[in-house]
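Structure first, then comments.
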Number of protein chains: 2
Amino acid sequence: MKTASEKVVHRLILYKKLLKNFQSKSVRNIFSHNLAEHASLNPAQIRRDLMLVGYDGSTVSGYNVNDLLFCIEKFLYPNEIQNVALIGLGNLGKSILDYCYGRHPIIAINAIFEKDPNKINRIICGTRCYHIDDLEIIVKKNSIKIAIIAISSSVTETIAKRLIECGVKSIINYSNACLSFPAEIYVENRDMMFAVEKAAFFSKKEKEI
Amino acid sequence: MKTASEKVVHRLILYKKLLKNFQSKSVRNIFSHNLAEHASLNPAQIRRDLMLVGYDGSTVSGYNVNDLLFCIEKFLYPNEIQNVALIGLGNLGKSILDYCYGRHPIIAINAIFEKDPNKINRIICGTRCYHIDDLEIIVKKNSIKIAIIAISSSVTETIAKRLIECGVKSIINYSNACLSFPAEIYVENRDMMFAVEKAAFFSKKEKEI
DNA sequence: ACATGTGAAAGTTTTCACAGCG
DNA sequence: CGCTGTGAAAACTTTCACATGT
């Protein structure tokens, strides 16, 4: 099967988002240079990326927005519904829940885990909050393959191990901990300080001559 | 001056984090393969990255943790204190504030902007919350060059324009909006749905044969 | 004309592999 | 020895440029 690098997948998700915008503005057709402008990319790159999803544009009217969207989604989305576990319902957990709620037709947060007794068994954004001790049962029962870790770093490693133990294949880690795992697990470390430090580094950059 | 790509900068920040961990465990010296293991990278890459920061290890004892840290920090950090503006004090804004608080010796969130009157003039994590109308005054007064946008998408574009107008050079955008700006502005779009969609895509991936 | 799809070139990043050193 | 620093190769990514189609 065709492989796609993380970069290409990222851009395809971006095109999907841009196309949805165009769709909502009733734009019917679009050219690679239109997408390129909005994505700050080279048109050739967009054409090359789109080769992957198997939809051919027309040299006259470019790409049909609806059809292209359909093909990108078909390429990106898994066949069945993807359940996601959220670990931690602090400020960050709440904002993630809120942000993801109703955003995606196939992927949805399906279970929240906490240790705070006040939060357990409450339903927030349609999602039940379970005790962290029930992690294994619920993750297995719902065939959860994706987890978002939104807790502080001290227990992150243990939780991540438990998640993988019961079948999770991808982890998005917002905690401060650096997780390293077998290569077949997809780990995205999103320590928020990194973005700020990078921004600081590149804000020094003066204009080239 | 030596240029560093975003990728290299990202890894240097990672090394710094790992080195701080080693430092706190009183580890004195470290080899490239130790760092490589913790960062899930190739030792040669680490050695090459470290060439940039101008600190030479010893073939016998590898790198001195303190000295290397010092050199990486010198390379990464700006000369003066970097003030950061946070736009939006919802759940996400609060979690970012909390997360960054006291984390960094040089970079700190220095001003929060909101439109909710209940939040204005309160001080959270040592940081004052201002009315969004005072953006220009405060950003200029504090020479703020970095902004974190943690509000919903509808007003993001306008706010980003205003920020750039008054001197901001780097923007970290957590909203749903796709911002595109002149090349000299560093923009990091961190739509949280992207991470989840990527995770979903790559969790499909089966083990290679 | 003008836009697509794509072979080939250019550019970037990663890894190999080895000289050289304590 | 077993490490570092690094030239050179390999791998990957982006861009150019053009044949082709309407």
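Bear in mind the structure is a predicted one, so any value in this text is a computation, not a measurement. Just so we're on the same page: letters track the sequence lines, and every chain starts at 1.
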(message) If I take atom CG in residue A:Leu50 and atom P in nucleotide C:dT4, what distance separates them, rounded to the nearest angstrom?
(response) 9 Å

(request) Would you mind telling me which of C:dT14, D:dT15, C:dT4 lies closest to the side-chain atoms of A:Gln45? (result) D:dT15

(request) May I ask you to say what B:Ser61 touches in the nucleic acid, namely base, sugar-phosphate or nothing, with a heavy-atom cut-off under 4.0 Å? (result) nothing

(request) Could you tell me the separation between the CD atom of B:Glu37 and the P atom of D:dC3, rounded to a whole number of Å? (result) 13 Å

(message) Strictly distance-based, threshold 3.5 Å: is any side-chain N or O of A:Ser175 a donor or acceptor partner for the main-chain N or O of A:Ser153?
(response) no

(request) Take atom CG of A:Asn29 and atom C1' of C:dA3, then tell me their distance rounded to the nearest Å. (result) 12 Å

(request) Let me know the distance between NE2 of A:His33 and C1' of D:dC16, rounded to the nearest Å. (result) 18 Å

(message) Below the 4.0 Å mark, does C:dT4 have OP1 or OP2 next to a side-chain nitrogen or oxygen of A:Ser32?
(response) yes

(message) Pair B:Lys20, B:Glu73 - check salt bridge (Lys or Arg N to Asp or Glu O under 4.0 Å), show working.
(response) CA-CA 11 Å; B:Lys20 287 229 162 111; B:Glu73 295 189 332; 2.9 Å; yes

(message) Tell me whether the side-chain N/O atoms of A:Arg11 come closer than 4.0 Å to OP1 or OP2 in D:dT14.
(response) yes

(message) Quick check: on DNA chain C, is the nucleotide nearest A:Val60 upstream (toward 5') of the one nearest B:Val60, or the reverse? Name the residue that is more 5'.
(response) A:Val60

(request) Check A:Ile151 against A:Gly88 and note the closest heavy-atom contact, atom names and distance. (result) CG2-CA, 3.5 Å

(message) Just the rounded figure in Å: distance from P of D:dG5 to CG of B:Asp49.
(response) 12 Å

(request) For A:Arg47 and D:dT14, give me the distance from atom CZ to atom P, rounded to whole Å. (result) 15 Å

(message) On DNA chain D, compare the nucleotides closest to A:Leu41 and B:Ala44; which residue's is nearer the 5' end?
(response) B:Ala44

(request) Compute the ring centroids of A:Phe75 and B:Phe201, then answer whether they are less than 6.0 Å apart. (result) yes

(request) Taking only the side-chain heavy atoms of A:Lys7 (C-beta and beyond), determine which of C:dC16, D:dT14, C:dG5 contains the nearest atom. (result) D:dT14

(request) Take atom CG of B:Leu52 and atom P of C:dT13, then tell me their distance rounded to the nearest Å. (result) 11 Å

(message) Could you check whether any side-chain N or O of A:Asn83 sits under 3.5 Å from a backbone N or O of A:Asn142, counting only pairs where one atom can act as donor and the other as acceptor?
(response) yes

(message) Of the options D:dC16, C:dG5, D:dT13, whose atoms approach the side-chain atoms of A:Asn42 most closely?
(response) D:dC16

(request) Measure from CE on A:Met51 to P on D:dT13 and round the result to the nearest Å. (result) 15 Å

(message) Under 3.5 Å, is there any donor-acceptor pair linking the side chain of B:Arg48 to the base of C:dT15?
(response) yes

(message) Can you tell me which nucleotide in D:dG5, C:dA3, D:dG2 comes closest to the side chain of A:Thr59?
(response) C:dA3

(message) Can you see if the side chain of A:Tyr63 gets near the phosphate of C:dG5 - specifically, an N or O under 4.0 Å from OP1 or OP2?
(response) yes

